[in-house]
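Values in this document were obtained by computation on a predicted structure and should not be read as measured data.
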Amino acid sequence: MRGKRAPKRIIEPDKIYGNVIVTKFINRVMKDGKKTVAEKVVYNAFELLKSQGKDPMEVFAKAIETVSPKVEIKARRIGGANYQVPVEVRGERKVAVAIKWILEAAEARPNKEFHTFSEKLVAEFMAILAGQGSAIQKRDNTHKQAEANKAFAHFRF
């Protein structure tokens, strides 16, 4: 490895809720550097949750925690063969993967029933709390794959 490892960047908490994870979520929603647009989308979703009588931060934290994977599989090449090795997911990556899966699931929702991305986000959060939704399926599939490949756990990195 050449040179030094880049230092970890310190992320400022968001303006309204003062939460670093909300900032990370906004940054993942952001497209083409339009942060104010991404903030509006996320904060509108939180307002919709409030109008439903739910605490947006509680719902958001619960959704992230629920979708976060415990284990994932990584490909490892040993002696000419590729093995799917189950690996425990560490803290920072858990949150990053959960955010990614939630946004992918929200984007995949059909446009017929929802007019804005904020509405799609709220629908995905509610589905996660109900134990349904694409993000939950993705987590469960990952856990199943890790369980199926448990025999290769001794090849850990």
### Task
Examine Met126 and Leu48 and state if one hydrophobic cluster contains both, with Ile, Leu, Val, Met, Phe, Trp and Tyr joined whenever side-chain heavy atoms are less than 4.5 Å apart.
yes

### Message
Which heavy atom of Pro56 sits nearest to which heavy atom of Leu49, and what is that distance?
### Response
CA-CD1, 4.1 Å

### Query
With a 4.0 Å cut-off, would you call Glu88 and Lys94 a salt bridge?
no

### Message
Quick one, Lys34 and Glu39 - any side-chain contact, counting heavy atoms below 4.5 Å?
### Response
no

### Message
Tell me whether the count of non-hydrogen atoms from other residues, nucleotides or ligands lying under 6.0 Å of CD in Glu58 goes above 12.
### Response
no

### Query
Does Met30 reach the side chain of Val37, with side-chain heavy atoms less than 4.5 Å apart?
no

### Summary
The reported gap from OG1 in Thr23 to NZ in Lys15 (rounded to nearest 0.5 angstrom) is 9.5 Å

### Query
Under 6.0 Å between ring centres, would you say that holds for Phe60 and Tyr17?
no

### Message
Looking at Glu92, I want to see if its CD is surrounded by more than 12 non-hydrogen atoms of other residues, nucleotides or ligands under 6.0 Å.
### Response
no

### Task
In plain terms, say whether Glu124 and Arg109 are close enough for a salt bridge, that is, a side-chain N and a carboxylate O under 4.0 Å apart.
yes

#### Entry: Non-hydrogen atoms of Val89 and Pro69 that approach each other most closely
CB-O, 3.7 Å

### Task
Flag yes if Val42 and Ile11 sit in one hydrophobic cluster, no otherwise; membership is Ile, Leu, Val, Met, Phe, Trp, Tyr, and two members link when side-chain heavy atoms are under 4.5 Å apart.
no

### Task
To the nearest 0.5 angstrom, please state how far the CD1 atom of Ile136 sits from the CZ atom of Arg139.
4.5 Å

### Query
Going from CD1 on Ile102 to OG on Ser134, what distance comes out if it is rounded to the nearest 0.5 angstrom?
11.5 Å

### Val20 side chain near Glu12 side chain, heavy-atom distance below 4.5 Å
no

### Pairwise distance NZ(Lys24) to CG(Asn19) - rounded to 0.5 angstrom
10.0 Å

### Query
Got Val87 and Ile73 here, is their nearest side-chain heavy-atom distance under 4.5 Å?
no

### Query
When you measure from the side chain of Ser118 to the backbone N and O of Val41, does any donor-acceptor pair fall under 3.5 Å?
yes

### Task
State, with a plain yes or no, whether a side-chain heavy atom of Val22 is found less than 4.5 Å away from one of Met57.
yes

## Note on the structure
When rounded to the nearest 0.5 Å, the distance separating CZ of Phe117 from CG of Leu103 is 5.0 Å

### Query
Is there a donor-acceptor pair under 3.5 Å between the side chain of His143 and the backbone N or O of Lys70?
yes

### Query
Is Lys144 paired with Glu147 through a side-chain N to carboxylate O contact shorter than 4.0 Å?
no

#### Entry: Spatial distance of atom CG (Leu129) from atom CD (Gln132) [nearest 0.5 Å]
10.5 Å

### Task
Answer whether the closest heavy-atom distance between the side chains of Gln145 and Glu72 falls below 4.5 Å.
no

### Query
Which heavy atom of Leu121 sits nearest a heavy atom of Phe25, and at what distance?
CD2-CZ, 3.7 Å

### Query
Heavy-atom distance under 4.5 Å between the side chains of Val122 and Glu119, does that happen here?
no

### Query
Hey, does Val95 have a side-chain heavy atom less than 4.5 Å from the side chain of Ile21?
yes

